[in-house]
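Take a look at the structure set out below.
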Number of protein chains: 2
Amino acid sequence: MIERHLLKLRARDEISDEEERAIRAVVARAEEVPADKVYIRHDVLLDTCTLLLDGIMCRYKDLRNGERQITELHVAGDFVDLHSFTLKRLDHDIMALTPCVVAIVPHERILELTERFPHLARVYWFGTNLDAAIHREWELSLGRRTAAARIAHLLCELFVRLGLVGLATNKGYDLPLTQTDLAECLGLTPVHVNRMLKELREQGLVEFASGHVDIRNWEGLQRIAEFSPSYLYLERRSR
Amino acid sequence: MIERHLLKLRARDEISDEEERAIRAVVARAEEVPADKVYIRHDVLLDTCTLLLDGIMCRYKDLRNGERQITELHVAGDFVDLHSFTLKRLDHDIMALTPCVVAIVPHERILELTERFPHLARVYWFGTNLDAAIHREWELSLGRRTAAARIAHLLCELFVRLGLVGLATNKGYDLPLTQTDLAECLGLTPVHVNRMLKELREQGLVEFASGHVDIRNWEGLQRIAEFSPSYLYLERRSR
DNA sequence: CCGCCGCATTGACCTGGGTTATCGGCCACG
DNA sequence: CGTGGCCGATAACCCAGGTCAATGCGGCGG
């Protein structure tokens with residue numbers, strides 16, 4: 001199942017066979033995480049990283065009144081907390097939005113891996129920088145895009161990211177989240193997400209129902225979202 | 001002037017004398033950047049990084065209609081584009097908000113530095129992860145905080161970050177930005193920023209006028225912002 | 001088979017923040 | 001030493017999205 005992770009890495013850089021072997025050897029064990037479980041709590045000292053093999057997890061922060069902001073969604077192939085390798089503790093929580101399977105990688109092994117292969121240090125450094133790029137695009141959405149464009153943009157992003165690891169067809173993808181989950185990504189209320197999903201559906205752009213996203217008009221969807229995948233750094237380039 | 005950068009690094013980790021010498025040696029040249037100049041444009045291939053020595057720069061993205069979202073502010077001591085070392089091009093623009101002085105560091109030298117000192121690779125990796133943590137906190141602001149809390153939070157963040165590099169007193173700091181600049185950080189309009197600054201002033205929390213921030217009630221300001229500096233990782237810990 | 005319960009849907013109404021516009025102060029520049 | 005442009009301040013009005021409430025419905029434990 002680590003294949004999706006390698007797909008993600010190889011979409012952006014060359015990974016040699018030796019490096020691949022070293023990456024495969026780094027996983028200590030696999031684990032299942034039930035839906036809705038808070039998997040990592042902020043400010044707890046960590047000594048492992050978590051590679052998501054299946055399911056959807058999210059990073060989120062919340063306010064005292066309980067309002068929650070999801071800051072990034074993670075899909076299979078993503079390290080959900082690679083930044084803990086240098087941060088040592090996280091400034092946010094991580095939870096499973098669906099039932100998940102994860103692989104545990106001790107920091108110690110990442111240390112060895114990156115000291116033995118400085119190139120992989122840069123590949124993984126790139127990985128955390130990619131997360132930051134996604135954060136920036138979300139900041140743009142949250143600060144400036146209208147509700148409909150925000151939703152459209154998120155659905156575009158997931159289409160591309162899931163497609164990269166073989167989890168989307170050319171028509172759509174599975175997304176077993178609730179409208180409330182989406183609202184927490186988008187800085188909106190569930191009610192308004194529902195209204196805007198209806199609008200996108202009526203415009204023939206996308207349909208989101210029973211855990212599945214149907215892309216009806218990819219060009220049109222990208223247009224109203226002002227989506228360009230450039231921030232996902234899909235080109236292969238040596239680090 | 002690279003001292004502020006070392007202050008920033010040493011607030012979070014040990015930097016040996018040998019490492020310090022290596023860091024100092026890495027700067028190729030200094031440059032001045034006039035206010036309002038777009039210093040780096042998105043999607044342009046880069047082979048240097050830029051260390052901000054003086055002034056304030058920002059990263060921003062914008063929409064077709066010209067609405068702009070600043071995704072992070074940079075102060076003296078920050079690398080404004082360290083992520084370009086692994087990303088090779090940026091997904092956003094970088095501009096000077098005030099007259100600035102920067103030091104140019106070729107990627108090549110960062111490559112040598114990080115291969116020679118794997119510890120510094122982790123220190124700088126940490127640096128970009130810190131930027132991501134700031135992005136996440138801004139996502140929370142943009143998605144969930146009220147306008148007044150958002151402004152208060154930004155002013156708190158800058159107080160701490162500037163204090164760290166010796167650019168704040170216990171009463172406040174210089175911040176030669178316009179209300180429009182703040183609005184672009186906060187996902188608000190300049191008019192509303194003006195209204196909310198008035199409110200914060202009348203509540204005796206902060207005053208922002210003629211390029212200077214006066215903290216009138218630090219406890220109260222943090223309280224309404226729900227500010228906690230934990231996301232700035234101010235503890236010293238070896239990477 | 002029943003009764004919850006979580007989720008989606010929709011309508012009616014409200015409000016935080018946006019929009020537009022005007023005015024005054026400051027200062028760089030001719 | 002005018003004057004035009006930028007910035008801050010404020011007022012009047014507007015609207016995107018929030019709030020509140022009711023309904024429906026599918027899955028599931030008992």
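So that the names make sense, note that chain A is the first sequence line, chain B the second, and so on, each numbered from 1.
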Spacing of [X] atom [atom1] relative to [N] atom [atom2], expressed in whole Å:
X	N	atom1	atom2	result
A:N65	D:dG18	CG	C1'	14 Å
B:H212	D:dG8	NE2	P	16 Å
B:L177	D:dC6	CG	C1'	15 Å
B:H192	C:dT20	NE2	P	17 Å
A:R195	D:dC20	CZ	P	13 Å
B:L175	D:dC7	CG	P	14 Å
A:L197	D:dG17	CG	P	14 Å
B:E199	C:dG16	CD	C1'	11 Å

- Message: Using every non-hydrogen atom in the two residues, find where B:L162 and B:D174 come nearest and quote the distance to one decimal.
- Response: CD1-O, 4.2 Å
- Message: Would you say CD of B:E207 has more than 12 non-hydrogen atoms from neighbouring residues, nucleotides or ligands within 6.0 angstrom?
- Response: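 Enclosed.
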- Message: Classify the ring geometry of A:H135 against B:H135: parallel below 30°, tilted from 30° to 60°, perpendicular beyond 60°.
- Response: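 The rings of A:H135 and B:H135 stand perpendicular, inter-plane angle above 60°.
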- For residues B:H83 and A:Y233, establish whether the separation of their ring centroids is below 6.0 Å.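 Ring-ring flag for B:H83/A:Y233: false, centres at least 6.0 Å apart.
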- Message: Looking only at the aromatic ring of each residue, does the gap between the centers of B:H92 and A:Y231 stay below 6.0 angstrom?
- Response: no
- Worked check of side chain to side chain contact (heavy atoms under 4.5 Å, CB included) between A:L175 and A:I56: CA-CA 8 Å; A:L175 187 71; A:I56 296 182; 3.7 Å; yes
- In residues 137-158 of chain A, which residues come under 4.0 Å of DNA chain D by heavy atom? A:T146, A:A147
- Task: With heavy atoms under 4.0 Å as the rule, sort B:G211 into base, sugar-phosphate or nothing.
- Result: nothing
- Query: A:E235 versus B:R89: any side-chain heavy-atom pair under 4.5 Å?
  - Reply: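 Result yes, sub-4.5 Å side-chain heavy-atom pair found.
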- Item | Toward the 5' end of DNA chain D, by each residue's nearest nucleotide, A:L188 or B:K198 |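 Taking each residue's closest nucleotide, the earlier one in sequence belongs to B:K198.
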- Query: Taking only side-chain nitrogens and oxygens of B:N194, does any of them come within less than 4.0 Å of OP1 or OP2 of D:dA9?
  - Reply: yes
- Query: With respect to the phosphate group of D:dC6, does any side-chain polar atom (N or O) of B:Q179 fall under 4.0 Å of OP1 or OP2?
  - Reply: no
